[in-house]
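Following: one structure in structure tokens, then a few remarks.
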Amino acid sequence: MIRSFVSFLFFVTVALAEPADWIVTAKYVVTMDGARRLIEDGAVAVRGERIAAVGQRAEILKRFQAKARLDRPAAILLPGLVNAHAHAPMSLLRGIADDLKLQEWLEKFIFPAEAKNVNPEFVRWGTRLACLEMALAGVTTYADMYYFEEVVAEATKEAGLRGVLGETIINFPVPDARSPADGLVRTEAFLRRFQNDPLIVPAVAPHALYTNTEETLRACRALANRYGVPLLTHLSETKTENDDIRAKWQASPAQLLDRYGFFEGKTLVAHAVWVDEADRKILRDRGVGVAHCPSSNTKLASGVAPVVAMLAAGLAVGLGTDGPAGSNNDFNLFEEMDLAAKMQKVSTGNPQALPARQALEMATTLGAKALSLDREIGSLEAGKRADLITVSIEQPHAVPMYDVYSQLVYALKGSDVRDVMVNGRLIVRERQSLTLNAGAILAKAGEFRAMISASLRK
Ligand SMILES: [Zn+2]
């Protein structure tokens, strides 16, 4: 009798429980929600592609009956990181030419190496390598600007990552287009093909103001607006670029782009190192997102972006790795958070500048906002996409822990990431990719190195 009563109770509990696909539990849940809730002994329930609930572990376990569990009593659970600026296929050019000036690096090495080697196969394997590296280091969404972007999109979907992927438009012949007009035709086909994709936001990526004409820039804006997609570009990366534009047009790059109507729609600019107060006002008034790339800006000696001032002005400033050929040799958002915080401190002479939690905001909520994806990703909240990561906290550099944000930004590494879920699908478990063949990708990277080196000797 007692036994049947107990099983009856069990039956009632299970029957009343809400269904879920996953419950992920962790020592700490860093939600990055509006209240910046930090839940000790917390959990997230996932149903389909979205987060069903976030709360105390006991409460979530009681409320949901999940098909699968991931219990991480020695980990932090947080939103997946957003890499707001990268060139994924360039992973195959990692370290090809370092310690050079930007123009020399571009003109003597990168553009020739690309002209000789970039084709769909290069892009496919380069993207696979980049996605493997990013996923293992906790990046769940990345923004990209390259060629054959439809191949980047295919490889990104295969990896299970989320991408805002921009087809490059530039005013000289490139591997996938003879002219900007050609590039725009390709881009439109790309936008059509990936419209409404659950993982890919296709985008238009005019390389920069200084590598495109006014006519092309206006055409890029019109095309992006026709499909409701973002424009991605590089802006005010170096002082030389700014000085040249000012000398020629008596306007800053941001002013000139504004004059062209370039910011009238979703826009993300990478770098924004040399933006003054007037420029920041334009970017803020037009709702332009910024990808701050601290490793790239230091490595190429581009300067220190006024991040504190941009954030104070209310700009959505995310973090980007750029690269990884020359401008930064890896895709590690943990490094970018750490460096971003430290660069602001040293450049302002104020150790309180850009504190740890704000650096983490840049890598999550602000990055999502910069990419116009803040309604879908960037925080752990019911209704948002289930993009989340767990980070181990039992290594020597992870203990003791007094402050979760400080630990994440100043002590923990990309290699501490243990599990990664994107859009409700587990793509990394126990530091192993579940979607990509790591052995084959690493072997292929070696083959490309040999081919690319030989091509540069010809
Ligand atoms: Zn870039």
Side-chain angles (χ1 to χ4, degrees), residues 82-98 100-107 109-111 113-114 118 123 126-127 130 133-134 139 141-149 152 163-172 174-175 183 203-212 220 230-242 253-254 257 267-275 288-305 317-333 335-336 339-340 362 367 370-371:
V82 178
N83 181 358
H85 181 66
H87 310 280
M90 291 179 88
S91 61
L92 293 175
L93 303 175
R94 189 193 316 270
I96 194 169
D98 284 324
L100 297 169
K101 286 190 173 167
L102 176 67
Q103 287 315 318
E104 191 186 1
W105 168 74
L106 273 177
E107 285 158 22
F109 293 92
I110 298 303
F111 290 151
E114 287 184 335
V118 175
V123 169
T127 305
E133 182 186 348
M134 283 193 271
V139 170
T141 295
Y142 78 104
D144 194 67
M145 297 171 66
Y146 209 60
Y147 310 109
F148 299 106
E149 207 65 33
V152 175
V164 178
L165 309 177
E167 168 71 16
T168 295
I169 308 288
I170 197 162
N171 67 354
F172 53 82
V174 287
V204 188
H207 172 265
L209 169 65
Y210 65 91
T211 49
N212 281 294
C220 288
L231 271 190
L232 314 176
T233 196
H234 294 99
L235 176 77
S236 292
E237 179 174 1
T238 65
K239 185 164 186 303
T240 314
E241 169 195 340
N242 254 36
L257 284 176
T267 316
L268 174 96
V269 299
H271 301 299
V273 175
W274 297 91
V275 289
V288 174
V290 174
H292 171 49
C293 305
S295 288
S296 173
N297 298 160
T298 47
K299 190 149 181 279
L300 294 168
S302 303
V304 181
V317 186
L319 287 174
T321 55
D322 205 2
S327 60
N328 179 3
N329 298 19
D330 58 13
F331 295 113
N332 188 337
L333 256 280
E335 255 175 51
E336 303 302 329
L339 189 57
M362 292 175 74
L371 290 170

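Note that the numbering runs from 1 along the sequence shown for the chain. Counting starts at 1 for both ligands and their atoms, in listed order.
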For Glu336 and His292, run side chain to side chain contact (heavy atoms under 4.5 Å, CB included): C-alpha distance rounded to whole Å, both residues' side-chain angles, the deciding distance at 0.1 Å, then the answer.
-> CA-CA 9 Å; Glu336 303 302 329; His292 171 49; over 6 Å; no
Are [X] and [Y] linked by a side-chain donor-acceptor pair shorter than 3.5 Å?
X      : Y      : result
Thr321 : Asn83  : yes
Tyr146 : Glu114 : yes
Ser236 : Asn242 : yes

Are Phe172 and Phe111 close enough, and set up right, to give a ring pair (Phe, Tyr, Trp, His ring centres under 6.0 Å), and what steps lead you there?
-> CA-CA 11 Å; Phe172 53 82; Phe111 290 151; 5.1 Å; yes
What class does the angle between the rings of His207 and His234 fall in, given that below 30° is parallel, 30 to 60° is tilted and above 60° is perpendicular?
->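 Answer is tilted, since the angle falls between 30° and 60°.
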Can you list, by chain and residue number, the protein N, O or S atoms under 2.8 Å from the Zn ion (ligand 1)?
->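 Result, waters dropped: His85 NE2, His87 NE2, His234 NE2, Asp322 OD1.
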